[in-house]
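Residue numbering restarts at 1 for every chain, and letters A, B, ... go by the order of the sequence lines. Please read these numbers as outputs of a predicted model, since none were measured by experiment.
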2 protein chains.
Amino acid sequence: MERDFIKDLGYLGFTMRLKRLSDALIHSGRKLYKDLDLEIEPNMFSVFKLLEDRGSTSITEIAEAIGMAHPSVIAITNKMIAKDLIYADKDSEDSRKKVLNLTQKGRDKSTEYNAIWEIGNSAMHKELNDLNALEFLEQLEQVFEKKDFRQYLLKEMSQDMEIVQDNDLYHADFYALNIEWLKKYFYVEDYDETVLSNPKKYIVDEGGYLFYAKLNGKVVGTVALIQRDNGVYELSKMAVTDKFQGLRIGYKLMMACIDFTKKHKFNGLFLDSNTALEPAINLYRKVGFVEIPVPKDTPYERCNIRMELPLD
Amino acid sequence: MERDFIKDLGYLGFTMRLKRLSDALIHSGRKLYKDLDLEIEPNMFSVFKLLEDRGSTSITEIAEAIGMAHPSVIAITNKMIAKDLIYADKDSEDSRKKVLNLTQKGRDKSTEYNAIWEIGNSAMHKELNDLNALEFLEQLEQVFEKKDFRQYLLKEMSQDMEIVQDNDLYHADFYALNIEWLKKYFYVEDYDETVLSNPKKYIVDEGGYLFYAKLNGKVVGTVALIQRDNGVYELSKMAVTDKFQGLRIGYKLMMACIDFTKKHKFNGLFLDSNTALEPAINLYRKVGFVEIPVPKDTPYERCNIRMELPLD
DNA sequence: TATCTTTGTGTAGTTAACTACCTAATTATG
DNA sequence: CATAATTAGGTAGTTAACTACACAAAGATA
């Protein structure tokens, strides 16, 4: 038997090994059930135990209790209904709801199954108790689930996020991110389409600047400084992909613009926004913007608040 | 958030929780790759690392090294070939073999991917090192893989295995198990079909006895004592399902027959077998049977050895 | 009270592992 | 040296989870 390569990968192989182990366990469980001609599959176990314990339970309640997506529960319970182990009733109060219960056959089988499960339980106990396996698993779950490991990784990665000012590259990303943002919060006005399709003409050539947030080489946010009056700039076209929340991409873009404004000694910096976008407004306030009166002549319908950055 | 039902199940829920955790990790990994537009999927990771490390490797070598079934590896590597991350060459010495290697693009991507993986590695390290997670996983793997948990469970269950003598029930199992056994080791002779189809006429009514091994209510082995001369019995029709190896089912059936023979003070007990069935012959010797000459008139072609149990 | 939002269930499509079986090439054996 | 057994790669079918979306009922809100 060859050396196990995955083990040599250390923590990088951890996930794979966990999957391999759990797959193997589920597999051997299924094989055992099949060999013993028990008409049950490993994934039915939780549902069985839950209904034994609680009686009438709906599909989403089951999904919630056993920590699965509800379509998975539907698949499992449909099989169990087909095998006459459980039956479904309409809920008397909520006609959308199905409540599931063990049938008589299900309760009878329960005795048989519990005998096997009890043997499994005591075997696991005997082998795993010295390892404090349950306690360990609990801690693992906390590390990965509660802390949201994906988010955690992203935050680590975001330390390498860079804000770049570039007027020539990434125009396609500029368009895509802004349209995505507009579609999500408002709708695309004609003037948006015009400007976003041709940032060179409408922003750069008018003395403006384009900024991008880049994560791992990928553009994940944009903002533009657009010259309005001589030396007075509007901070606009702020758009951040919604795939990466919590990385403070917006904040970093703002700060880059403010630094740029100060460094180039612009005469003023303001922005137009909408009071419905509370998190954004809060961010603007946080970095120093203060509310000023809205003029009548803004080109966008969606703006109902104007803020400006007091410059020393 | 409701109390987690699976956790209340203790060791019974261990497998489910392990699966849930590993599924969640793989899922969030895939999502992260997708969000970052990396054209890689979680299961490609091991293959990537292996080829980076070793260069030219064949499909079965990969499967062996990362602990997966070879069709899974084929699926993964086909996707990687389609993405031009690896390429396949015929082995120069063995024309059945394909050797896989990273392409130039694959090597280039490797840099990019390793940056992410390194962040993952250090994040995992930071979170898991205090838990001694790798060490723990190693121990878990040993408990479940090396010890073959299914086998372990079966052995626990086999303590409840019972050998029953019954001439009326289970004739269908008697037929099925013996035919299964014959098809596996020899072929079904006409006389087998005759006897097995009607054990009442050919065994019971001739003064014989049928024995069954029952595990968890299911018949998993048979044997018969068939009266030949007056009070002299042949031990025959020994058949054990090949689903449950290592439970000493054959041994227990043998011992039940021997006890029965002694209790009823039979005049003799012998059996016919074939020297090719070494494990069986060894078992017969172990419980006390000794070889005697083979007569010319046995009804079965497959027998080339006769053994008898010396009775006090 | 009319409309919007949330909730409960269901379907379709994706991903990923497995076993069982197949063919062809290589190696072992009588 | 012919034939049998093993090995390498591949296909088909099974199981099981997920997300995304659809639709209807119930609840919230203007």
Using whole Å, what does the distance between atom P of nucleotide C:dT9 and atom CD of A:Glu64 come to?
13 Å

Can you check the A:Ile59 CD1 to C:dG10 P distance for me, whole Å?
4 Å

Side chain to side chain contact (heavy atoms under 4.5 Å, CB included) partners for A:Ala176, two or more places apart
none

With sequence neighbours excluded, tell me which residues meet side chain to side chain donor-acceptor pair (under 3.5 Å) with [X].
| X | value |
| --- | --- |
| A:Ser95 | none |
| A:Tyr11 | B:Asn129 |
| A:Asp108 | A:Gln104 |

Taking all non-hydrogen atoms of both residues, which atom of B:Arg107 and which atom of B:Leu102 are closest, and how far apart?
NH1-O, 3.4 Å

Residue-phosphate contact under 4.0 Å: A:Lys98 side-chain N/O, C:dG10 OP1/OP2:
yes

Go through the structure and list residues passing salt bridge (Lys or Arg N to Asp or Glu O under 4.0 Å) with [X], not counting sequence neighbours.
| X | answer |
| --- | --- |
| B:Lys105 | B:Glu39 |
| A:Asp23 | A:Lys19 |
| B:Asp35 | A:Arg150, B:Lys31 |
| B:Lys83 | none |

Under a 4.0 Å heavy-atom criterion, DNA chain D is touched by chain B from D:dT7 to D:dC18

Given C:dT9, C:dA12, C:dT19, identify the nucleotide with an atom nearest to the side chain of A:Pro71.
C:dA12

Using the C1' atoms of five pairs at each end, what's the angle between the two axes of the helix from C:dT1-D:dA30 to C:dG30-D:dC1, to 10 degrees?
10°

Less than 3.5 Å apart, which donor and acceptor atoms pair up between the side chains of residues 40-50 of chain A and the rest of the protein, not counting sequence neighbours?
residue	atom	partner	partner atom	Å
A:Glu41	OE1	A:Lys79	NZ	3.2
A:Lys49	NZ	A:Asn114	OD1	2.7

Considering only heavy atoms, which members of residues 86-95 of chain A lie under 4.0 Å from some atom of DNA chain C?
none

